[in-house]
Amino acid sequence: MTARMLPHERIDEFVARLMQSAEVVAPRRVEVADVFYGPVSSPGEVAWDYGTAIEPLKRFLLPQRETMLRFSTDGGLKVEAECDERERVFLGVRCCDVTGLGVMDAMYGGDIPDPYYMSRRERSTVIALTCLEAPEETCFCVCCDAGPFLTEGYDQQWTSLPEGMLVEIGSERGEALARANEDLLAPAELDQIAARYRLAREAEKTFGDFKSYIAGAMAKLSMNEVDPEVWEQAAMRCTECGGCTYLCPTCSCFTVTDRMNGSEGVRERHWDACLNNCYAREASGHNPRPERSDRLRARFFHKISHQWAERNGRQACVGCGRCVVGCMAWAHMPAVTEGIRRGVMT
Amino acid sequence: MAEIATVCPYCGCGCGLYLHVRDGVVVGASPSRSHPVAEGRLCLKGWHAHEVVDNPGRLTRPLVRRGAELVEATWEEARSAVVAGLGKTLETDGPQAIGVLGSARCTNEDNYALVRFARGTLQTPNIDCSLRIQCVPDAPQPGEAWRAGVSTGQIAELDDADLVLLVGSDPTEEHPAVGARIYQGRQRGLRVVALSTRKHPLARLADLHLPVRPGGELRLIASLLHVVLAEQGMAGEGRPGAEDLRASVADMSPEVTAADTGVSADLVRQAAGLYLSSERAVIVYSAGLALSPQSGAAVQALHSLAVLGSGGSRRQVPVLSLLCRNNLQGCRDMGVAPDVLPGYASLGDDAAVQRFEQAWQCELARGVGLSAWEMPGQVRAMYVMGDDITRSIPDPEATLSALEALDFLVVQDIFMSPAASVAHVVLPAASFAEQDGTWTNLERRVQRTRRAVSPPGEAREDWRIIADVSRAMGKPFPYEGPQQIFEEISDLLPIYAGVFYPPLAVNGGIRWATPEARDAGGQAEVMPVPPPAEALEAAASGLRASDQYPLLLAADPTLRPWDGEVMVSQTLTVAGEFTVLTKDYPDGMLCLNPEDAKRFQVRGGRPVRVVSPKGECQMQVRVTDEAPPGVALVPHHQATRLGIMEISTDQAGGRPVLAPTPISVGPAE
Ligand code: SF4
């Protein structure tokens with residue numbers, strides 16, 4: 001492992017340098033007590049001691065609403081694509097959210113790359129921040145191999161040690177960033193690297209009762225052995241608010257709509273959710289997944305079946321716990337995997 | 001990207017949400033975790049709230065009618081047209097010939113300014129909001145300090161409740177933030193007792209479901225009171241009014257009421273037993289209780305049950321009155337009603353009237369005015385601010401014709417509503433995301449809504465439009481902004497005394513209380529109200545199914561309540577979710593139990609002919625065991641235009657009610 005040390009007193013300077021050439025998106029407190037990842041206007045704004053952000057990074061790579069192109073029909077069709085070419089550094093990102101990016105990359109950078117997503121993704125640098133203890137009661141990344149420390153998927157991974165941030169390098173981009181700021185960094189000592197591994201083991205022990213039985217559910221789902229009654233019961237609890245999908249770091253459904261104003265138009269992409277009744281509904285009124293139970297089954301299959309894990313490189317739940325926070329009822333990932341395991345939803 | 005903390009503009013829960021703004025455009029919405037109602041959750045409507053803001057359907061310029069067409073005009077032209085139109089009616093027919101409608105979609109400041117405009121500037125007592133037709137009635141209580149229909153408790157009390165009595169409410173559909181707490185509470189043992197005709201998801205998961213016949217709600221609650229008072233001898237605690245209450249329900253044993261309510265005596269006793277033994281019960285009701293002409297009395301009876309208390313300590317049980325719209329509570333508080341002044345001050349209270357006259361520097365129209373449903377046929381001119389009158393009032397076509405026949409109609413709104421399409425002047429208003437102000441949620445929580453972006457085109461805040469018109473009519477308002485209006489509200493309305501203009505939306509604002517409750521350090525002492533004997537009797541003699549009309553049809557306000565609503569049906573991506581009825585059940589969704597579907601040989605999705613003593617119509621069938629055998633259900637907002645339902649009058653408050661009506665069902669022609 002290549003690692004450096006960034007002394008605490010030099011962190012602000014490091015961040016200030018990042019801000020000179022990129023939009024730095026970091027956890028920051030909004031209003032009183034809520035935390036969002038968002039562009040910071042000064043290094044002091046970064047909330048290093050936060051729990052988890054209300055939302056993952058998704059909004060910055062796949063906005064809830066984005067303009068794809070503008071067109072006009074005056075004197076023949078004219079089309080002009082919009083592309084976000086901002087350089088971004090995602091700083092202080094929780095490991096679960098970093099892992100989520102990998103799954104999104106498989107979706108949007110796979111066989112048919114999405115230029116909108118990829119244009120942003122290729123211009124981003126990801127600096128993960130490890131969790132020295134479970135940040136929230138609802139966290140279950142330990143069940144998903146997505147935290148509290150990572151071994152891959154980041155450009156740099158920072159761990160807060162008494163003497164400063166241990167900066168692990170995970171990619172060429174991460175290494176280049178370190179090189180460019182070598183004057184602020186020192187080589188990491190062996191005992192500092194050892195401390196990181198000790199802290200990782202200790203952190204894992206702080207995760208509470210909130211378990212998600214992903215592996216068991218995965219086996220049953222992939223073999224089509226889930227009792228259909230479980231989906232019926234989950235459907236009775238789900239209120240179709242869409243919250244779990246909007247908050248999920250790896251949910252990627254969208255819809256495209258054209259908005260016309262005279263002869264001028266805009267094509268926009270908006271977040272949508274496969275759980276919504278009308279998501280798959282066809283113009284004829286036919287709906288291939290007419291019942292909520294069908295839609296729930298499809299969503300969980302997409303999230304945690306072997307079939308999809310193979311395509312994505314891993315199963316798609318990263319244990320960030322946001323579906324637990326955001327669920328309007330009791331049909332989030334841990335509730336459903338528990339239901340699958342026991343054959344009945346509580 | 002900036003996150004602006006504000007409040008969801010849809011249901012009465014008032015969840016705190018953030019609007020994401022980039023380059024002056026609202027590009028998203030997400031929940032606040034620190035907000036005491038939202039706690040990190042939003043329902044589908046909240047998640048898409050941003051889509052109504054920058055929406056191609058928005059009104060952006062004033063419109064003035066020229067013949068058959070509405071044409072764009074400047075604000076000056078539109079205002080002159082308004083002043084001339086209203087002035088003419090004032091001159092020829094007097095102020096009584098003008099009706100004014102306020103809105104539960106608008107802020108407290110907008111509604112307060114409108115009341116001042118109606119009772120002060122125009123001198124008309126005809127001010128109301130049509131939404132109260134399809135929502136829980138608010139009924140005065142003895143002592144006037146409190147009104148039934150106002151929540152005594154708060155939503156967070158569900159978090160440590162051990163029992164919830166869910167009366168006529170389907171919070172999953174209507175009030176998801178309340179539903180969420182119940183679903184989550186079940187995980188730690190919260191018991192659910194549901195009293196509702198429809199077997200909605202929470203009724204299905206409930207520990208006890210009392211499937212009450214439509215119209216039987218009052219007698220069912222009376223039988224609960226009977227068991228609690230007569231059989232458990234609970235009135236001996238010197239609660240004022242309890243003896244009268246006991247006498248009033250002496251004959252309401254569950255054995256007697258079973259025939260009318262359709263609920264067995266055994267189930268009633270079990271429910272009463274659970275209630276009595278519960279240490280931390282919460283009572284929740286919604287518009288689902290407003291199905292019958294006796295719903296005013298039913299609401300009072302429920303509040304009385306709450307006052308008697310439960311558990312060993314007989315602690316007064318908190319009540320949540322789930323109002324259907326984000327600011328319906330505030331709209332009522334501001335005096336948007338024909339029979340009270342702002343803050344529920346009585347029209348007969350000279351001191352209160354003087355307070356307002358002094359502040360507004362004019363005489364007040366003191367009379368009791370016409371209600372929203374009386375206005376269209378009885379006035380000559382109307383001023384409608386964000387009120388969906390054609391959706392609320394039974395028989396929307398007749399309402400629209402009456403509006404069309406007015407000498408003068410002004411509508412100010414954010415979208416082209418049906419009423420706006422027949423108006424003489426249409427004024428474009430700012431949406432929730434484009435103005436500062438306050439909203440009061442169903443727990444009386446006064447919260448800030450905040451300006452995240454500028455209004456589109458020339459749209460303006462409602463209060464500003466009204467103030468401008470009033471100035472043009474020679475009665476200027478001194479307000480410079482919503483904060484100033486709010487300060488006047490808290491000066492003049494004793495219930496808002498001590499509520500300062502909340503600085504933020506995220507902190508959940510401040511809950512108002514009556515002066516009595518404030519003095520008592522918390523909950524108001526509410527007097528139990530004995531259900532009137534006539535109401536109990538009338539509830540037993542409601543219309544029944546017969547051989548000729550073997551099913552009882554009820555208009556259910558809890559069934560897909562948001563479908564077709566003006567704002568959600570304008571959300572770009574999820575409009576489909578909220579227009580399913582229009583697409584799949586264009587004539588009306590008739591929910592039938594599988595047994596009945598078999599009995600009358602009808603199939604799901606197919607049109608059927610429905611006949612009642614009043615007329616006949618066509619509807620599409622949905623076969624579902626949510627409807628109990630013998631009962632057919634149709635969403636309330638579709639039922640208003642069927643023309644086959646009996647319209648009767650709520651004994652408390654006089655609002656028109658689509659009463660349960662016997663029908664027969666047969667093949668469509
Ligand atoms: S529950 Fe009500 S207030 Fe909360 S997000 Fe949904 S509609 Fe808005």
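Letters A, B, ... mirror the listed sequences (proteins, then strands); counts begin at 1. Just so it is clear, the model here is predicted, and its values are computed rather than measured.
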### Message
Given heavy-atom pairs under 4.5 angstrom as the criterion, report whether the side chain, backbone, both or neither of B:R186 touches chain A.
### Response
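Contact with chain A: side chain only.
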
### Query
By a 4.5 Å heavy-atom criterion (distance strictly below it), what part of B:V574 contacts chain A: side chain, backbone, both, or neither?
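Just its side chain gets close to chain A.
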
Best-contacting candidate, [options], against chain B by heavy atom pairs under 4.5 angstrom:
| options | value |
| --- | --- |
| A:P39, A:A235, A:G285 | A:P39 |
| A:M260, A:H270, A:M236, A:Q64 | A:Q64 |
| A:G242, A:A331, A:G243 | A:G243 |
| A:A329, A:A273, A:A335 | A:A329 |

### Query
Under 4.5 Å between any side-chain heavy atoms of B:L42 and A:Y246, yes or no?
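SC-SC contact between B:L42 and A:Y246 ruled out.
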
### Message
Any heavy-atom pair between the side chains of B:R41 and A:V325 that's under 4.5 Å?
### Response
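Not in contact.
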
### Task
Evaluate the criterion salt bridge (charged side-chain N to carboxylate O under 4.0 Å, His left out) for residue pair B:R22 and A:D84; output intermediate values, then yes/no.
CA-CA 13 Å; B:R22 191 181 267 275; A:D84 180 355; over 6 Å; no

Which bit of [X] comes within less than 4.5 Å of chain B, counting heavy atoms only: side chain, backbone, both or neither?
| X | value |
| --- | --- |
| A:E23 | side chain |
| A:P63 | neither |
| A:T239 | both |
| A:R269 | neither |
| A:T52 | both |
| A:F60 | side chain |

Atom [atom1] of [X] with >12 non-hydrogen neighbours under 6.0 angstrom:
| X | atom1 | result |
| --- | --- | --- |
| B:R188 | CZ | yes |
| A:E82 | CD | yes |
| B:R606 | CZ | no |
| A:N261 | CG | no |
| B:R61 | CZ | yes |

#### Entry: Charged N-O contact under 4.0 Å between A:E31 and B:R450
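Looking at B:R450 together with A:E31, the answer is yes, because their closest N to O distance falls below 4.0 Å.
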
### Task
I would like to know whether A:R29 and B:E3 meet salt bridge (charged side-chain N to carboxylate O under 4.0 Å, His left out); could you show each step before the answer?
CA-CA 10 Å; A:R29 295 216 149 68; B:E3 298 85 0; over 6 Å; no

Rounded at 0.5 Å granularity, tell me how far [atom1] in [X] sits from [atom2] in [Y].
| X | Y | atom1 | atom2 | answer |
| --- | --- | --- | --- | --- |
| A:N276 | B:W47 | CG | CH2 | 12.0 Å |
| B:T573 | A:E268 | OG1 | CD | 10.5 Å |
| B:L572 | A:D272 | CG | CG | 11.5 Å |
| A:R322 | B:R33 | CZ | CZ | 6.5 Å |
| A:F36 | B:H20 | CZ | NE2 | 4.5 Å |
| A:I54 | B:S32 | CD1 | OG | 5.5 Å |

### Qualifying residues under side-chain contact (heavy atoms from CB on, under 4.5 Å), relative to B:C43, sequence neighbours excluded
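Checked B:C43 against side-chain contact (heavy atoms from CB on, under 4.5 Å); matches are A:C241, A:M328, B:K45, B:P176.
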
### A:S284: partners by side-chain contact (heavy atoms from CB on, under 4.5 Å), with sequence neighbours left out
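So A:S284 forms a side-chain contact (heavy atoms from CB on, under 4.5 Å) with A:E282, A:H286.
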
Based on non-hydrogen pairs under 4.5 Å, which of [options] is most in contact with chain A?
| options | answer |
| --- | --- |
| B:L44, B:T172, B:V580 | B:L44 |
| B:A2, B:A29, B:A38 | B:A29 |
| B:R204, B:H200, B:K583, B:Q187 | B:Q187 |

### Query
What residues form a ring-ring contact (aromatic ring centres under 6.0 Å, His included) with B:W439, not counting sequence neighbours?
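Counting only residues at least two positions away or on another chain, B:W439 forms no ring-ring contact (aromatic ring centres under 6.0 Å, His included).
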
### Task
Check the pair B:L205 / A:R237 against side-chain contact (heavy atoms from CB on, under 4.5 Å), numbers first and verdict last.
CA-CA 9 Å; B:L205 294 173; A:R237 285 152 182 80; 3.5 Å; yes

Please report the closest heavy-atom contact between [X] and [Y], naming both atoms and the distance.
| X | Y | result |
| --- | --- | --- |
| B:S34 | A:A33 | CB-CB, 4.0 Å |
| A:E55 | B:S30 | OE2-CB, 2.8 Å |
| B:V25 | A:R65 | CG1-NH1, 3.7 Å |

### Query
Donor-acceptor pair, A:N277 side chain versus B:E577 backbone, under 3.5 Å?
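Such a contact is absent between A:N277 side chain and B:E577 backbone.
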
### Task
For the pair B:Q184 (side chain) and A:W330 (backbone), establish whether a donor and an acceptor sit closer than 3.5 Å, ignoring hydrogens and angles.
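Not confirmed, B:Q184 side chain does not pair with A:W330 backbone.
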
### Residues of residues 48-55 of chain B with any heavy atom under 4.5 Å of a heavy atom in chain A
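Checking residues 48-55 of chain B against chain A gives B:H48, B:H50, B:E51, B:D54, B:N55.
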
